[in-house]
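In what follows, a structure is listed as structure tokens, so that the remarks can point back to it.
In listed order, ligands and their atoms are each counted from 1.
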Amino acid sequence: MDILIWNKILNPYEIAVREIVYKLDRLKEEYRLNGQYCPIEEVSGRVKSISSILDKLHRKDIPIEKMEKKMEDIAGIRVICQFVEDIELIVELIQSREDMKVKTIKDYVKFQKSSGYRSVHVIVHYKVHTLEGVKKVPVEIQIRTMGMDFWATIEHSLQYKYKRDIPEHVSHRLTKAAEAVAILDSEMSAVRSEIMDAQVSSQLLHHQVEEILFAIENLYTAASKREIQKIQDEFYQVYERKDMNALRRFQRQLDMISEGYRTQAVSEKDRKEPQKYDIT
Ligand code: 0O2
């Protein structure tokens with residue numbers, strides 16, 4: 001198989017990865033704009049490198065012709081979340097989508113691997129449109145907490161360093177580290193609702209501040225410099241208090257000021273424009 005064919009084979013996987021990363025990122029943004037807690041912390045994706053594909057084929061004794069049929073992680077997405085509970089929410093979210101069909105779920109959180117690896121893998125079938133037509137490709141979505149990801153990244157590097165033959169004293173440490181991550185995850189879960197409340201409030205505050213600054217900016221063309229200065233000073237005072245209700249009231253006042261300027265502009269325009277008469 002030469003390089004050109006590889007590119008052709010991997011192209012649909014590349015498209016699938018890009019599209020899914022984009023869609024999940026947009027979803028994250030929607031949660032933010034709605035002021036809702038988002039179970040997704042970070043999304044990334046990759047197409048397996050050719051050397052990594054060849055290694056795996058060799059390791060699993062898969063003939064190259066069966067590669068596309070037997071390898072389900074050529075396209076890989078990683079979704080990182082904060083809490084173990086978020087993993088299930090993300091799985092449900094994937095299951096509810098119409099643009100991907102869940103084929104298998106491997107739950108290595110309930111059934112941790114002997115290495116200590118924990119994650120939930122969801123294999124989905126995803127349709128991509130290429131010049132050659134529509135192609136359905138498998139995509140492996142790995143869902144894990146930040147703690148699980150930290151462990152898996154370190155362990156993966158060690159696997160690479162020791163060519164998948166990690167010495168006993170190192171693997172013993174890794175097992176201990178995996179236990180510590182599991183404890184950390186469950187401790188964090190215990191304060192999940194408090195952390196979620198805090199994060200949603202801070203998101204709402206940021207969103208409100210953005211709206212206010214946008215409204216002040218819009219006034220630049222209509223109001224005098226002195227007035228803008230006064231509004232800005234008032235805003236800083238309200239902002240200092242970090243009180244959402246006060247910020248909302250301030251936003252309403254700004255809306256009224258903007259509305260006043262709009263009405264004024266319309267009546268001035270009407271006054272300047274010559275009256276049109278129907279001569280028929
Ligand atoms: P890479 O380099 O990350 O791509 P199976 O279902 O067991 O027949 P498969 O495909 O190995 O076959 O499935 P599995 O076990 O669900 O693993 C797929 C991927 O999960 C791996 O891909 C890793 O990314 C990750 N993974 C699984 N087990 C471990 C583990 O013990 N440690 C770490 N760090 N990651 C793991 P690759 O191709 O092995 O590696």
Side-chain angles (χ1 to χ4, degrees), residues 6 9-18 20-21 24 40-81 84 86-88 90-91 94-95 100-126 136-182 184-185:
W6 271 110
I9 289 175
L10 296 182
N11 182 47
Y13 295 91
E14 192 74 54
I15 299 172
V17 167
R18 284 195 194 195
I20 297 178
V21 168
L24 295 179
I40 300 172
E41 180 66 22
E42 205 183 300
V43 184
S44 59
R46 62 98 184 96
V47 172
K48 222 176 174 62
S49 67
I50 297 174
S51 66
S52 191
I53 293 177
L54 291 174
D55 279 353
K56 194 159 183 171
L57 290 177
H58 180 69
R59 213 168 58 238
K60 302 217 159 215
D61 203 17
I62 302 170
I64 201 155
E65 313 75 58
K66 298 240 170 100
M67 175 182 89
E68 288 202 78
K69 219 172 174 167
K70 297 269 182 186
M71 273 183 80
E72 291 178 314
D73 65 341
I74 295 178
I77 305 287
R78 192 161 293 155
V79 182
I80 311 293
C81 52
V84 182
D86 296 338
I87 297 180
E88 205 178 320
I90 298 167
V91 172
I94 294 168
Q95 281 172 322
M100 44 189 92
K101 191 158 175 45
V102 174
K103 204 192 142 228
T104 333
I105 299 179
K106 299 180 192 172
D107 193 340
Y108 300 129
V109 173
K110 252 192 207 131
F111 307 101
Q112 179 181 317
K113 281 199 165 189
S114 55
S115 60
Y117 179 76
R118 287 158 72 234
S119 278
V120 170
H121 294 183
V122 182
I123 315 286
V124 298
H125 279 170
Y126 184 80
K136 199 159 46 173
V137 293
V139 179
E140 181 184 79
I141 307 180
Q142 298 184 343
I143 311 161
R144 50 173 81 144
T145 63
M146 289 160 151
M148 294 173 192
D149 187 55
F150 177 47
W151 185 92
T153 307
I154 301 289
E155 198 259 5
H156 191 273
S157 315
L158 290 170
Q159 290 283 6
Y160 185 77
K161 173 175 175 179
Y162 293 110
K163 300 192 173 56
R164 295 192 176 262
D165 191 16
I166 298 184
E168 181 57 36
H169 71 282
V170 181
S171 71
H172 175 69
R173 290 276 177 197
L174 282 171
T175 309
K176 290 220 151 242
E179 284 163 14
V181 169
L184 176 72
D185 276 338

Heavy-atom nearest neighbour in the protein, as seen from [atom], with distance rounded to 0.1 Å:
atom: atom 12 (O) of ligand 1; value: Lys60 NZ, 2.9 Å
atom: atom 14 (P) of ligand 1; value: Tyr108 OH, 3.5 Å
atom: atom 32 (N) of ligand 1; value: Glu155 OE1, 2.7 Å
atom: atom 19 (C) of ligand 1; value: Gln142 NE2, 3.4 Å

Where on [X] is there a heavy atom closer than 4.0 Å to ligand 1, on the side chain, on the backbone, on both, or on neither?
X: Gln159; result: neither
X: Met71; result: neither
X: His156; result: both
X: Thr153; result: neither
X: Arg46; result: side chain

Using a 4.0 Å cut-off to any heavy atom of [X], which atoms of ligand 1 qualify?
X: Ser115; result: 30 (C), 31 (O)
X: His121; result: 16 (O), 17 (O), 18 (C), 19 (C), 20 (O), 25 (C)
X: Lys48; result: 1 (P), 4 (O), 37 (P), 38 (O), 40 (O)

- Query: Which residue from Arg144, Lys113, Arg78, Arg59 reaches closest to atom 28 (N) of ligand 1 through any of its heavy atoms?
  - Reply: Lys113
- Message: Among Ser119, Ser115, Ser114, exactly one meets side chain to side chain donor-acceptor pair (under 3.5 Å) together with Tyr117. Which residue is that?
- Response: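 When side chain to side chain donor-acceptor pair (under 3.5 Å) is applied between Tyr117 and each of Ser119, Ser115, Ser114, only Ser119 qualifies.
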- Knowing that exactly one of His121, Arg78, Met100 qualifies, which makes a side chain to side chain contact (heavy atoms under 4.5 Å, CB included) with Ile141?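 Answer to the side chain to side chain contact (heavy atoms under 4.5 Å, CB included) test with Ile141 among His121, Arg78, Met100: Met100.
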